[in-house]
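Presented below is the structure to which this report refers.
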Amino acid sequence: QVQLVESGGGLVQAGGSLRLSCAASGLTFSNHIMAWFRLAPGKEREFVAGIRRTGDNRYYAASVKGRFTISRDNAKNSLYLQMNSLKPEDTAVYYCAKSSGIVLLTTPSAYDYWGQGTQVTVSS
């Protein structure tokens, strides 16, 4: 079955960096749009970044554009999120997700498989 396993979260000071990874199995990874979402306490799940199958087209939420970079390695069945210039408001559980369609969408309902999440905490 499809499995998505995130890693790389942790505690970092404001202005610092983290790199999240998502290892995918049970699917033909290169066939699917992938994305990162995040969930902060008291908030709804939020789209962070998405990437098309070949990695040639990426889309970012306005709140992270210019600070975060999404990438993928189809040979390694892996998705990444490089997060720089982190802010306390970036604190959340970050999830890797697989799209169920062929159009890169930002709504959670467009994604049918999710990882268990990895906690990112940014201290001020």
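Quick caveat, the model's predicted, so the values are computed rather than measured.
Across every non-hydrogen atom of L79 and C96, the tightest pair is CD2-SG, 3.8 Å. Of all heavy-atom pairs spanning V122 and K87, the tightest one is CB-O, 3.3 Å. Scanning all heavy atoms of the two residues, the minimum distance from E46 to S63 falls at OE2-OG, 3.6 Å. Closest approach of L39 to E44, counting heavy atoms only: CD1-C, 3.7 Å. The shortest heavy-atom contact between H32 and L27 is CD2-CD1, 3.6 Å. Closest heavy-atom contact between R58 and G55: NE-O, 3.3 Å.
Applying the side-chain hydrogen bond (donor to acceptor under 3.5 Å, both in side chains) test to N57 and every residue at least two apart in sequence or in another chain returns nothing. Not a single side-chain hydrogen bond (donor to acceptor under 3.5 Å, both in side chains) links S85 to another residue, sequence neighbours left out.
Placement of L86 and W36 within a single hydrophobic cluster is found when ILVMFWY residues are connected by side-chain heavy-atom separations under 4.5 Å, directly or transitively. Linking ILVMFWY residues whenever their side-chain heavy atoms come closer than 4.5 Å, directly or via other members, places L4 and L81 in the same cluster. A chain of hydrophobic side-chain contacts below 4.5 Å, direct or via other Ile, Leu, Val, Met, Phe, Trp or Tyr residues, connects M34 to V2. Residues F68 and V120 fall within the same hydrophobic cluster, defined by Ile, Leu, Val, Met, Phe, Trp and Tyr side chains chained together at heavy-atom separations under 4.5 Å. Both V48 and I70 are members of a single hydrophobic cluster when ILVMFWY side chains are connected at heavy-atom separations under 4.5 Å.
Side chain of N74 to backbone of R53: a donor-acceptor contact under 3.5 angstrom is found. Formation of a donor-acceptor pair under 3.5 Å by the S100 side chain with backbone atoms of A110 is found in this model. In this structure, S99 contributes its side chain and G101 its backbone to a donor-acceptor pair below 3.5 Å. Remark: the backbone N or O of Q116 is paired with a side-chain donor or acceptor of E6 at under 3.5 angstrom. Of the possible donor and acceptor atoms, one in the side chain of R72 sits under 3.5 Å from a partner among the backbone N and O of R52.
Taking the side chain as every heavy atom from C-beta outward, F47 and L104 approach each other to under 4.5 Å.
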Cut-off 3.5 Å, no hydrogens considered: what does the side-chain donor-acceptor table look like for residues 9-19, sequence neighbours left out?
unit_1: S17; atom_1: OG; unit_2: N84; atom_2: OD1; d: 2.9

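Separation of the F37 and W114 ring centroids falls under the 6.0 Å cut-off.
Atoms OH and CD1, from Y59 and I51 in turn, are 15.0 Å apart once rounded to the nearest 0.5 Å. To the nearest 0.5 angstrom, Y111 atom OH is 10.5 Å from K98 atom NZ. Note that CD1 of I33 and OG1 of T54 are 10.0 Å apart. Values are rounded to the nearest 0.5 Å. Here CZ of F29 is found 6.5 Å from SG of C22. Values are rounded to the nearest 0.5 Å. Rounding to the nearest 0.5 Å gives a distance of 5.0 Å between CG of D73 and OH of Y80.
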Exercise for the section: Start with the C-alpha distance between M83 and L20, add both sets of side-chain angles, then the distance that settles side chain to side chain contact (heavy atoms under 4.5 Å, CB included), and finish with yes or no. Expected result: CA-CA 8 Å; M83 305 186 295; L20 305 184; 3.8 Å; yes

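Other residues, nucleotides and ligands contribute over 12 non-hydrogen atoms within 6.0 Å of the CZ atom of R67.
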